[in-house]
Amino acid sequence: MADRYEPHVIEPKWRARWEETRLYAAPDDDPRPKWYALTMFPYPSGDLHTGHWYAMAPSDVGARYRRMLGHNVMFPMGFDAFGLPAENAAIKRGIDPREWTYQNIDRMRGQLRLMGASFDWDREVVTSDPEYYKWTQWWFLQFYKHGLAYQAESLANWCPGCQTVLANEQVVDGRCERSDDVVQRKMMRQWFFKITAYAEELLRYDGIEWPERIRNMQRNWIGRSEGAHLDFKVDVPGATEPLTVFTTRPDTVFGATFMVIAPEHPLVERITTGGQRAAVDDYVAATARASEIDRLSTEREKTGVFTGAYAVNPFNGAHVPIWIADYVLVTYGTGAIMAVPAHDERDFAFARKYGLEVIPVYTHPNVDITTPIAAAFPHGTAMANSGPFDGTPEAEAVAKVVAYAEERGLGKGAVTYRLRDWSVSRQRFWGAPLPFIHCAKCGTQPVPDSDLPVVLPEKVQFMPTGQSPLTLSEEWVNVPCPNCSGPARRETDTLDTFMCSSWYQMRYADPHNPERPFSAEAARKWFPVDQYTGGAEHAVMHLLYTRFFWKAARDMGLVEGDEPMARLFNQGVVLGPDGNRMSKSRGNVVAPDDQVEKWGADCFRCQLMFVGPWDQGGPYNPTGMSGISRWLNRLWSLVVEPPSLIDLPDAPATRELRRATHKTIVAVTEEVEEFRFNTMISRLMEHSSALQRAREAGSVDRAAWDEGVRTAVLLTAPLAPHITEELWERLGNGYSVHTQAWPVADRALAHDDEVEIVVQVNGKVRDRLSLPAGSSEAAVRAAALALPRVQQAVEGRTVRKQIFVPDRLINIVV
RNA sequence: GCCGAAGUGGCGGAAUGGCAGACGCGGCGGUCUCAAAAACCGCUGAGCACACGCUCGUGUGGGUUCGAAUCCCACCUUCGGUACCA
């Protein structure tokens with residue numbers, strides 16, 4: 001019955017069986033220890049591409065491995081289904097975004113099933129289902145009630161292409177992360193989440209294993225800096241409130257020779273003198289016109305305008321001019337700085353250009369501070385020109401100045417973060433409506449929980465202007481105020497889709513609960529995610545937001561523990577065969593469906609994992625498929641065409657085969673634990689070759705052969721789930737290979753009897769010795785010195801030293 | 001500019017202080033075949049010897065060590081992140 005390996009026959013057969021028997025369902029009442037494995041859910045673009053396979057198939061291997069270790073594994077899948085592409089399709093082609101999205105989901109479900117991943121489809125979530133976004137809205141109200149959501153008029157990142165506001169995290173190099181349009185700045189009323197309230201805690205990663213790379217990116221993004229707020233009086237009649245600056249260098253305050261405030265700073269209007277009014281107005285207008293890109297370019301020469309007003313340095317009473325300049329950002333710190341040109345390059349450049357005073361307040365071994373300095377020097381030896389502080393060493397300076405300021409009420413120590421509150425309102429249709437009603441009498445009122453979900457209207461008009469149809473749907477917008485029942489209007493902004501994905505992993509635990517987002521029992525049962533996998537491009541978006549969301553939920557008493565995902569692994573980016581990012585324009589796109597048709601899903605899965613380390617990504621090589629295909633065919637033939645089997649328990653060949661098998665278990669187990677799938681597969685290939693050699697050599701011991709083949713099938717099961725299921729059955733075992741226990745190695749059998757020891761003379765390899773494992777140094781030395789080649793090299797010289805590494809090497813130094 | 005990762009055969013890569021190039025692709029030779037495909041076996045870093053061998057070789061230059069792809073210093077290149085953040 002030596003039939004051939006035909007993936008297109010066995011793969012659909014087993015997938016159907018798995019679904020019928022709900023093999024991968026994760027029951028809530030299973031007593032085994034739980035394992036929550038999660039891979040980032042896709043946006044339903046309508047086509048599952050190789051990148052999705054590259055992200056998900058290895059993640060599936062991890063989940064399957066845990067299942068074989070005896071865990072009750074939950075490995076759910078769903079769709080991040082709100083978002084702009086659906087709406088753009090509606091605007092361009094007149095297709096209803098709902099229809100477009102759900103058709104795509106249907107298609108992608110089918111494509112996902114081809115992968116043969118062990119997803120628990122009973123737990124599927126679709127973020128655009130009212131049953132899901134009801135709870136997204138509910139969450140928003142919870143944040144609102146706990147003071148973590150607020151609306152404010154502020155300078156927003158406006159993407160003209162997407163016709164909506166973007167969060168800072170969605171602006172990349174001054175451009176929209178999605179559409180690449182240059183982002184404009186616009187004053188708008190928006191909703192925010194107070195993520196900054198958690199800035200400090202988000203910097204800590206206690207008790208979780210996240211890659212250093214991601215932690216670094218998040219830390220940089222949060223951008224904590226320590227310093228002080230210092231209050232300068234404004235020397236303008238009628239101005240009572242101080243001009244507060246943030247500085248990381250309060251120790252240089254005596255060198256502050258001018259102030260710079262952002263053009264958008266509220267004080268600009270009040271302090272500008274009559275003579276400077278025109279110049280200031282021009283500058284403010286020019287700044288408003290400039291794009292974020294122009295403004296942020298560090299190459300650009302600094303510009304600014306004098307306001308005509310002066311501030312008073314609280315430390316020495318000096319009157320210093322107040323300038324406005326766009327190198328000071330209204331969104332960071334207090335939007336105002338004290339400029340210390342002697343010790344800050346930017347301030348120095350500005351002072352040079354406008355002829356402002358430069359006063360060094362530090363001594364420096366290489367700088368004469370009694371004459372004009374040629375460049376700013378950020379650090380010095382001891383304070384100077386600083387009145388009572390002169391002579392203070394730099395290391396003590398900041399603390400001393402801050403203490404002085406606090407004593408006298410001139411300011412106080414402060415920490416500032418680069419992170420800003422998360423802007424979550426979007427001026428678009430295809431998202432979860434913000435559950436608020438604006439009433440002229442009662443103000444902004446939350447929609448009562450009992451009225452959730454606020455459902456998107458059907459049959460709406462999409463305008464090519466990009467204007468949200470919600471603003472045009474009169475019957476949807478006009479509602480009675482929940483407070484006074486008077487006429488009121490619905491909020492027409494919808495939520496950033498990152499809000500939907502911030503809690504999806506919670507919903508998977510209890511996806512059909514109509515009463516609440518998840519039950520307390522489900523939370524206790526499943527949280528946190530044990531292993532999360534996904535792309536690093538989400539480092540400062542999804543991966544930061546979801547941590548914030550979790551911490552907020554914890555403080556509301558809804559979840560326990562400080563982090564949503566215990567372990568994170570970031571896969572790399574899979575490239576086209578030419579080493580470039582896959583793209584239609586380059587014509588290097590590999591379509592998974594084609595590969596499955598040609599080679600089978602098992603083969604494609606394995607090839608993606610075999611090309612290199614998962615975290616590094618790299619080119620997908622279609623010609624390499626034949627190597628994987630040969631290996632799977634070999635595995636097939638080992639099962640269906642065994643050699644003649646006899647009992648030879650004590651034969652050296654038997655011992656050797658069993659050693660190969662047990663060594664493979666040891667190695668493969670380590671590699672799957674660490675997600676090193678490329679070397680895992682190469683180990684399995686070596687084992688197949690060992691079985692192959694044994695078969696070619698003649699009769700094989702029955703027990704050793706059975707153990708070898710059975711082990712090969714079990715160890716390969718997570719990687720290639722279909723073929724192994726078929727082979728498992730053909731070996732006469734019961735369904736299913738995927739619920740079997742992971743093989744355990746017998747260390748004694750894996751151990752070598754004989755080892756090869758490298759013999760070096762002066763660090764150069766001269767010969768090799770085959771000796772019993774664990775040979776003593778004296779024995780190895782004697783054997784080594786007896787070798788003709790060693791004798792030749794050592795002859796006539798004295799042995800000065802010898803290095804011995806047991807079972808590895810001996811090095812004789814002469 | 002700053003932070004991080006990486007540079008190894010014709011190609012993807014393995015080896016994280018101890019035999020560089022595991023495993024695979026590609027290439028060359030062979031077995032089987034009327035032939036081809038498939039399958040299987042052997043060889044495949046460079047140079048010299050073309051046999052036993054020898055020398056060189058992991059981006060570049062230095063260092064530590066009996067011994068370095070691996071550790072340290074400087075530099076070059078590529079990729080990712082970030083960038084007037086006071």
Side-chain angles (χ1 to χ4, degrees), chain A residues 4 172-174 211-221 223-225 227 245-250 252 260 262 295-302 325-329 331-340 343-347 349-350 416-420 536-537 539-540 572-573 575 577 579 606-607 610-613 615-631 633-634 637 676 678-686 688-689 692-693 696 756-768 789 800-805 808-814:
Chain A
R4 311 239 329 239
V172 177
D173 292 333
E212 185 57 37
R213 177 152 128 257
I214 298 293
R215 290 186 288 169
N216 242 319
M217 286 188 199
Q218 293 196 344
R219 273 195 220 103
N220 290 341
W221 186 260
R224 182 183 198 274
S225 39
V245 300
F246 174 73
T247 176
T248 55
R249 297 296 305 278
T252 62
V260 186
R295 189 167 170 192
L296 290 179
S297 166
T298 48
E299 320 290 280
R300 216 187 57 174
E301 203 179 335
K302 297 188 183 1
D326 64 5
Y327 80 90
V328 171
L329 310 175
T331 44
Y332 183 78
T334 62
I337 64 161
M338 61 175 204
V340 184
H343 303 292
D344 181 285
E345 269 180 50
R346 295 156 303 181
D347 297 344
F350 195 81
T416 289
Y417 302 90
R418 212 189 72 112
L419 179 74
R420 292 171 216 162
E537 68 275 14
V540 298
V573 179
L575 305 171
C606 289
Q607 175 63 9
F610 186 63
V611 289
D615 56 344
Q616 278 171 36
Y620 165 79
N621 178 6
T623 61
M625 286 294 265
S626 52
I628 295 289
S629 177
R630 272 198 268 271
W631 167 57
N633 271 293
R634 172 174 291 182
S637 105
R676 293 200 313 247
N678 57 332
T679 48
M680 177 184 178
I681 291 171
S682 65
R683 292 287 189 169
L684 289 165
M685 285 173 167
E686 283 177 299
S688 297
S689 299
Q692 161 88 14
R693 272 195 306 277
E696 296 294 307
E756 195 175 65
I757 295 174
V758 172
V759 181
Q760 296 182 337
V761 177
N762 287 347
K764 293 202 171 187
V765 180
R766 290 297 157 186
D767 211 339
R768 271 141 220 163
R789 284 209 213 118
R800 289 218 323 265
K801 193 175 173 184
Q802 107 190 354
I803 284 97
F804 176 68
V805 183
R808 300 288 292 268
L809 158 145
I810 185 159
N811 185 12
I812 296 161
V813 186
V814 295

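Labels below follow one simple rule: chain letters A, B, ... track the order of the sequence lines, proteins then strands, and each chain is numbered from 1.
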- [ ] Have a look at Ser626(A) and say if it touches a base, only the backbone sugar-phosphate, or nothing, with a 4.0 Å heavy-atom cut-off.
- [x] sugar-phosphate
Mate of G17(B) across any strand shown (Watson-Crick or G-U wobble, both atom pairs under 3.5 Å) is none
Between CD of Glu345(A) and C1' of G1(B) the distance, given in whole Å, is 9 Å
Sorted by chain and residue number, the ring pair (Phe, Tyr, Trp, His ring centres under 6.0 Å) partners of Tyr620(A) (sequence neighbours excluded) come out as Phe604(A)
Which class fits the ring pair Phe350(A) and Tyr327(A): parallel under 30°, tilted 30 to 60°, perpendicular over 60°?
tilted
Glu212(A) atom CD is separated from A6(B) atom P, nearest whole Å, by 12 Å
One thing to verify: whether Glu696(A) and Arg693(A) come together as a salt bridge, which I'm taking to mean a side-chain N less than 4.0 angstrom from a carboxylate O.
no
Expected label for G7(B) (glycosidic angle, syn inside 90° of 0, else anti) would be anti
Mind checking the C1' distance from G9(B) to G26(B)? Whole angstroms is fine. 12 Å
note: Gln218(A), atom CD; U82(B), atom C1'; distance rounded to Å ~ 14 Å
Handout entry: OP1 or OP2 of C66(B) under 4.0 Å from side-chain N/O of Lys801(A)
Key = yes
Tabulated below should be each protein N or O lying under 3.5 Å from an N or O of nucleotides 76-81 of chain B; please produce it.
none

Taking a pair to mean Watson-Crick or G-U wobble geometry with both distances below 3.5 Å, A83(B) pairs with none
In B/S/- notation (B base, S sugar-phosphate only, - none; protein heavy atoms under 4.0 Å), nucleotides 8-22 of chain B written 5' to 3' is ----BSS---BB--B
When rounded to the nearest 0.5 Å, the distance separating CG of Leu575(A) from CG of Asn621(A) is 12.0 Å
Q. With a cut-off of 6.0 Å (strictly less than), are more than 12 heavy atoms of other residues, nucleotides or ligands near CZ of Arg683(A)?
A. no
| said: Side-chain N or O of Arg683(A) versus OP1/OP2 of C23(B): is the shortest distance under 4.0 Å? | reply: no
Re G24(B): Watson-Crick or G-U wobble partner, both distances kept under 3.5 Å, found to be C11(B)
Gln607(A) atom CD is separated from C23(B) atom P, nearest whole Å, by 17 Å
Residue pair Ile628(A)/Asp347(A) against RNA chain B: nearer the 5' end by closest nucleotide is Ile628(A)
Taking a pair to mean Watson-Crick or G-U wobble geometry with both distances below 3.5 Å, C52(B) pairs with none
* What interatomic distance, in whole Å, is found between P of U8(B) and the corresponding atom of G13(B)? -> 9 Å
>> Would you measure the distance from the P atom in U78(B) across to the matching atom in A86(B) and give it in whole Å?
In response: 30 Å
Arg630(A) CZ to C25(B) P, in whole Å, measures 5 Å
query: Counting heavy atoms not belonging to Glu345(A), are there more than 12 under 6.0 Å from its CD?
result: no
Can a donor-acceptor pair be found between the side chains of Ser689(A) and Arg634(A) at a distance below 3.5 Å? yes
Separation of A68(B) atom P from Asn762(A) atom CG, nearest Å, is 12 Å
| said: Whether Arg215(A) contacts G4(B) is assessed here as follows: a side-chain N or O lying under 4.0 Å from the phosphate OP1 or OP2. Is that the case? | reply: no
(request) Write down the distance separating the P atoms in U65(B) and G10(B), rounded off to the nearest Å. (result) 34 Å
_Is it true that, when you exclude Arg808(A) itself, more than 12 heavy atoms of the residues, nucleotides or ligands shown sit nearer than 6.0 Å to its CZ?_
no
Side-chain contact check for Arg634(A): nearest option of C84(B), C54(B), C40(B) is C40(B)
Taken to the nearest whole Å, CG/Asn633(A) to C1'/G24(B) is 15 Å
| request: Could you check whether Thr416(A) gets within reach of a base, just the sugar-phosphate, or nothing at all, counting any heavy atom under 4.0 Å? | output: nothing
When both distances are under 3.5 Å in a Watson-Crick or G-U wobble arrangement, the nucleotide paired with A5(B) is U78(B)
Discussion item. Quick one, Pro613(A) and Asn678(A) - any side-chain contact, counting heavy atoms below 4.5 Å?
Written reply: yes
pair_partner(U31(B)), Watson-Crick or wobble, both distances < 3.5 Å, evaluates to A39(B)
Does OP1 or OP2 of A83(B) have a side-chain N or O of Arg418(A) closer than 4.0 Å?
yes
